[in-house]
> 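Below are the structure tokens for one structure; questions will follow.
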Protein chains: 2
Amino acid sequence: MPASIKDVAKEAGVSIATVSRVLNDVDVVNEETKKKVLEAIDKLGYRPNIVARSLKTQRTKTIGIIIPDISSQIYPEIVRGAEDVANIYDYNLMLCNSDLDPEKEMEYLRVLREKMVDGVLYMSTSLEPSILELINKLQIPMVLIETTSKEGNIPSVTIDNEKAAFDAAEYLIKKGNKKIGYIGTHEDAVNASALRYTGYKKALLENNLKVDDKFAYFGGLKSQDGYEGMLSILEKDTVDAVFCASDEIAMGAINALRDKGMKVPEEVDVIGFNNIYSAAIFYPKITTIAEPMYDMGSVGMRMLIKIINKQEVELKNYVLKHELIERNSCK
Amino acid sequence: MPASIKDVAKEAGVSIATVSRVLNDVDVVNEETKKKVLEAIDKLGYRPNIVARSLKTQRTKTIGIIIPDISSQIYPEIVRGAEDVANIYDYNLMLCNSDLDPEKEMEYLRVLREKMVDGVLYMSTSLEPSILELINKLQIPMVLIETTSKEGNIPSVTIDNEKAAFDAAEYLIKKGNKKIGYIGTHEDAVNASALRYTGYKKALLENNLKVDDKFAYFGGLKSQDGYEGMLSILEKDTVDAVFCASDEIAMGAINALRDKGMKVPEEVDVIGFNNIYSAAIFYPKITTIAEPMYDMGSVGMRMLIKIINKQEVELKNYVLKHELIERNSCK
DNA sequence: TTGTATGCGTTATCAG
DNA sequence: CTGATAACGCATACAA
């Protein structure tokens, strides 16, 4: 049993109130007694019990972070960014993997509330009405990362996915490519990555290129999807270039092209999305749209802490800048 | 302000004691009143306050997990394994990134104690005396992952790093390679990956191959280290094969070989370690020693929870099996 | 400047 | 079977 404030009080020969005062550096307390208390604290190796403190102050100094899956390639960096900022302000992170399962998300939201976290950083794809309703009921400070709520009434930090995809596709077009494929999320999906198809399409149209479904493959964001997607497109026609909605897709697509005896970038340009760690290690190094993962986490956390402290946030919906990184998978 | 047990009691017309009883399903309580209470709970949308409960029961149902860096390539899977098991037993995870800084590790240990976590999953490289001392003082259930304490008195889950490296090196030898390089941690380092050099050396010696320092490059575990290490070795001599203490090193080494115009595996065999996600996506796909990351996390968590519940654990120091995965970076 | 007392929301002990 | 009530460890309003 660790020492409590009571033990310290007894040891120092003062009341627990006084101990509490020096602990929190509040009110004025005589230098003499302060010293006595400090000595007692030191002697007993006393450390405050934050659970008890939390119950009293109604603040736990911990923040919940809900992500689809920490073992995927893109979330660890976001989490790291969040933790680094949290750390500065003496917050800890409670990590929750939802697997994008709305039921799990809701359960975590409830548990986080029960554990009285001061706020939640929430990453999901779609925000179903039932979840929105729960969020509303829970009354817990929250910021969305990578998503926005329909009405934009929940603070968020994202990138402009449509514009980013537009930039990527236009880059491919500027290189002189005409037949440009797409591998990624279906445009009807209600999440951020679906906007990438919209951006891709817009770039083609604005440049008087026709959008043909035979050049598009809709599936997941994994390398397997890229591999299969590339093969599927190749069965129908040849392509000059491919826009991939994720770097993993790009890697899979490049592997498929290689297996078909086609050279990247000599014969086909491939551009990815995300700029995950291995994009720069892969051969060829992948030209891609860099999403500021770390910054999304840190900016999101910073905003959340402001909200928790009831400070004004200038901008409710941050849109961070993306960047096209030229490497070796495009001519 | 959310409803408390008091509100429920008033709503149901019973005492808070009774509400608590139905909440925890303890003692016998009249079906009739139980129903009333349940209705009140439902009506008010009552959820227990776990912070208050924790203060009373002295159990928080949360577990601290200290890792070097979540944004590195190997920890996310361990964390995921840990979380999945934690989830089953209604525990949550408090994530702490230490960057292998002993000071940070100790600070986290203290804060986790203050927040009354029920246990800690601890990943570090070296356990300095000062940390051991703190651990001892804190009296908090703990299991080590990827490391062991000198005396083996702290429960742990690891793989046999020396044997794994031995297997990898012997695999290279069996392929007929004579001049086998090593890129990785220095043998004097006091952590798990240093044992890989020991295993590598042992394999060479047992097979009557001489160990020559010009074939060894000691550095970090990143791809950059692999790239530079390969170049450095190549300056002194040619090699038939290279044992890399991590997959990232292997990727860097392969890129260096490629830049030097040498083909993998036709001219040089390269074997990695860890089996990180991108090892199977890289070109060529990397032959490697697979560490059961997910299992280390889940087994560790399982063990920790047993310890927390004061159940007997049959084995204090688990050694999980590694596996050599043959892919395309070796002939 | 310091101490007493109350309550944060629970669980658990003790009577009834 | 149920209701008071005392902790759990701390912060704080109010007295002194």
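Worth knowing before you read on, the calculation uses all heavy atoms, side chains too, and leaves out hydrogens, waters and symmetry mates. Throughout, a chain's letter reflects where its sequence line sits, starting with A, and its residues are numbered from 1.
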> Can you tell if the side chain of Y277(B) reaches within under 4.5 Å of the side chain of Q73(B), non-hydrogen atoms only?
no
> Can you give me the first and the last nucleotide of DNA chain D (5' to 3') that has an atom within less than 4.0 angstrom of a non-hydrogen atom in chain B?
dC1(D) to dG9(D)
> Do the side chains of E291(A) and K321(A) get close enough for a salt bridge, i.e. N-O under 4.0 angstrom?
no
> Once you apply a heavy-atom cut-off of 4.0 Å, does S4(A) come out as touching a base, just sugar-phosphate, or nothing?
sugar-phosphate
> Just distance, no hydrogens or angles: give the donor-acceptor pairs under 3.5 Å from side chains in residues 13-21 of chain B, sequence neighbours left out.
residue, atom, partner, partner atom, Å
S15(B), OG, A17(B), N, 3.4
S15(B), OG, T18(B), N, 3.4
S15(B), OG, T18(B), OG1, 3.3
S20(B), OG, N24(B), ND2, 3.4

> Would you state whether a donor and an acceptor, one from the side chain of K56(B) and one from the base of dT11(C), lie under 3.5 Å apart?
yes
> Drop me the distance from I70(A)'s CD1 to L93(B)'s CG, to the nearest 0.5 angstrom.
10.5 Å
> If only side-chain N and O atoms count, and only distance matters, is there a donor-acceptor pair under 3.5 Å linking N309(A) with Y89(A)?
no
> dT11(C) P sits how many Å from R59(B) CZ, rounded?
11 Å
> What is the separation between atom CZ on R113(A) and atom C1' on dG9(C), rounded to the nearest whole Å?
12 Å
> What closest approach, in Å, do P68(A) and R80(B) show between heavy atoms, and which atom pair accounts for it?
O-NH2, 4.0 Å
> Return the residues of residues 21-37 of chain A meeting this criterion: a heavy atom under 4.0 Å from some atom of DNA chain D. Order them by number, or give none.
R21(A), N24(A)
> Are any of the side-chain nitrogens in D25(B) or K34(B) under 4.0 Å away from the carboxylate oxygens of its partner?
yes
> Are side-chain heavy atoms of R59(B) and I308(B) found at a separation under 4.5 Å?
no
> State, to 0.1 Å, how close I41(A) and V8(A) come at their nearest heavy-atom pair, and which atoms those are.
CG1-CG1, 3.7 Å
> Please set out all donor-acceptor pairs under 3.5 angstrom arising from side-chain atoms of residues 103-117 of chain B, sequence neighbours excluded.
residue, atom, partner, partner atom, Å
K104(B), NZ, D99(B), OD2, 2.9
E105(B), OE1, Y122(B), OH, 2.6
E105(B), OE1, S124(B), OG, 3.3
E105(B), OE2, S124(B), OG, 2.9
E107(B), OE1, R110(B), NE, 3.4
Y108(B), OH, E83(A), OE1, 3.4
Y108(B), OH, E83(A), OE2, 2.7
Y108(B), OH, N87(A), ND2, 3.2
R113(B), NE, L138(B), O, 3.3
E114(B), OE2, R47(A), NH1, 2.5
K115(B), NZ, T60(A), O, 3.3
K115(B), NZ, K61(A), O, 2.6
K115(B), NZ, N92(A), OD1, 2.9

> Does T18(A) or P2(A) map to a spot on DNA chain D nearer the 5' end, using the closest nucleotide for each?
P2(A)
> Is it true that Y294(B) and D84(B) share a donor-acceptor pair across their side chains at a distance under 3.5 Å?
yes
> Heavy atoms within less than 4.0 Å of DNA chain D: which residues of residues 6-16 of chain A have one? Give them sorted by number.
I16(A)
> If you take all heavy atoms of Y46(B) and I5(B), which pair is closest and at what distance?
CE1-N, 3.5 Å
> Measure the shortest side-chain to side-chain distance between E31(B) and K36(B) over non-hydrogen atoms and say whether it is less than 4.5 angstrom.
no
> Using a cut-off of strictly less than 4.0 Å between a heavy atom of the residue and any atom of DNA chain D, enumerate the qualifying residues of residues 38-55 of chain B by number.
L55(B)
